[in-house]
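First the structure, in the form of structure tokens, and then the observations on it.
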2 protein chains.
Amino acid sequence: MILKNQIEWALHCCSLLAAVPDGCYLPTKALAEFHGVPKEYLSKALQALSQAGVIEGTLGPTGGYRLARRPSEITFLDIVEAVEGKASTFACTEIRKANPCLPSKTKTSKTCAVARVMWKADAAWRESLKSTRLSDLAQMIAEDVPPEVLAKSAEWVAARS
Amino acid sequence: MILKNQIEWALHCCSLLAAVPDGCYLPTKALAEFHGVPKEYLSKALQALSQAGVIEGTLGPTGGYRLARRPSEITFLDIVEAVEGKASTFACTEIRKANPCLPSKTKTSKTCAVARVMWKADAAWRESLKSTRLSDLAQMIAEDVPPEVLAKSAEWVAARS
DNA sequence: GTATTAAGGATAGTGATTGTCCTTAGTATA
DNA sequence: TATACTAAGGACAATCACTATCCTTAATAC
């Protein structure tokens, strides 16, 4: 099991969209070029983010995407769930019901114990993703990347917004 | 992204192996029949568990599998990692390096910030899986399943061990 | 009117998961 | 010793999700 690449793309795109000047939009073409990924396919991830209300897009020559909320109000979970969906990573197929010793009349009152444990772990994963906001990521990146690269990237984005 | 079915099978199989009498082995055929899954394919998951040292198998007419340790010393994480591997669910493809504003000479001192956050969430997931042991699962199941079904299942297993 | 954009449908290519079949070697029993 | 049973594992095909590309439609700025 591995998360799809679109998750990574979506996270990096949102990170970059945080650098878009107020009132402006950054088109898919620029986002794809900046990250070196296919524009058409990236578009699918951006559409998912848009539908989830994480980002918002507008049409026309000055169109593109921008964050729908402030970076401090967008969590990693928002982005991951927009692309990946909200369904648990563990799918219970109820194989416990195949138990030959289980009379068919038995009521399965609770959910499967195995599933409960796996879902608890899934919840812990999401809770961790929820605890980091886009603004936190911006701060981390500001500490990692040299200031001149950061400034140049902001210019690059502004020039295309 | 979704965990493979073999994870579910492996967890249920380990749960059932906990009911095998001391010194006995339960063959793949019985495990597959009990859970209603294809014997040949289930065998792959059991082999992975065996290689990871979670269970141990022996050959011959009285052969099969049994737990390699006591249920209190086997965690969900042991089982999940045996089948799924220890690699993180998030794979960083370093798309940050495609940044056109990044001089090629720039040293990437730290790992990607996005990856760090995703890996932290992955660690939280594994930590949660680590906190539940096979003995805990047995207790949960004992509270869910009617005593007569539990006893009948134990008989079923003993008869094939 | 023209160029540009998001949105989304249709369709292949790719790779991981699922499933089956077969061979090999070790073990218990008659 | 012969036989039946088992795990281990290699080879292979089917299925399905992910990746990628192409195309049409509708809205927007100039």
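Residue numbers begin at 1 in each chain, while the letters A, B, ... track the order of the sequences. Values below: all heavy atoms of this structure, side chains included; hydrogens, waters and symmetry mates excluded.
- Note on residues 12-35 of chain A: pairs passing side chain to side chain donor-acceptor pair (under 3.5 Å), not counting sequence neighbours, are A/Tyr25-A/Arg66.
- The CZ atom of B/Phe34 sits 13.0 Å away from the CG atom of B/Leu42 when rounded to the nearest 0.5 Å.
- Checked for salt-bridge contact, B/Glu73 and B/Arg70 meet the test: a charged N lies under 4.0 Å from a carboxylate O.
- Taking each heavy atom of A/Ala18 and A/Leu67 in turn, the nearest pair found is CA-CD1, 3.7 Å.
- Transitive grouping of hydrophobic side chains (ILVMFWY, heavy atoms separated by less than 4.5 Å) keeps B/Leu59 and B/Ile55 in distinct clusters.
- Atom NZ of B/Lys130 sits in a sparse spot, with 12 or fewer heavy atoms from other residues, nucleotides or ligands closer than 6.0 Å.
- The distance from atom NZ of A/Lys4 to atom C1' of C/dA16 is 14 Å, rounded to the nearest whole Å.
- With B/Cys14 as reference, B/Val54 is the one residue of B/Leu137, B/Val54, B/Asp78 to meet the side chain to side chain contact (heavy atoms under 4.5 Å, CB included) rule.
- The number of heavy atoms from other shown groups lying within 6.0 Å of CD (B/Glu148) is above 12.
- The CG atom of A/Leu129 sits 12.5 Å away from the CH2 atom of B/Trp125 when rounded to the nearest 0.5 Å.
- For the atom pair CG (A/Asn5) and SG (B/Cys92), the distance works out to 10.0 Å, reported to the nearest 0.5 Å.
- Taking 4.0 Å as the cut-off between side-chain N and carboxylate O, A/Lys110 and B/Glu143 do not count as a salt-bridged pair.
- When DNA chain D is scanned 5' to 3' for any atom under 4.0 Å from a heavy atom of chain A, the first and last hits are D/dC18 to D/dA29.
- With sequence neighbours excluded, the residues forming a side chain to side chain contact (heavy atoms under 4.5 Å, CB included) with B/Ser135 are B/Pro71, B/Ser72, B/Arg133, listed by chain and number.
- In terms of heavy-atom proximity, A/Arg96 sits nearest to A/Glu94 at NE-OE1, 2.7 Å.
- In this structure, the CD atom of B/Gln47 is 14 Å from the C1' atom of C/dT20, given to the nearest Å.
- Scanning residues 19-46 of chain B for heavy-atom distances under 4.0 Å to DNA chain D yields B/Pro27, B/Thr28, B/Lys44.
- Proximity of residues 49-66 of chain B to DNA chain C (heavy atom under 4.0 angstrom from any strand atom) is restricted to B/Leu59, B/Gly60, B/Pro61, B/Thr62.
- Of all the residues in residues 154-161 of chain B, not one reaches under 4.0 Å from DNA chain C with any non-hydrogen atom.
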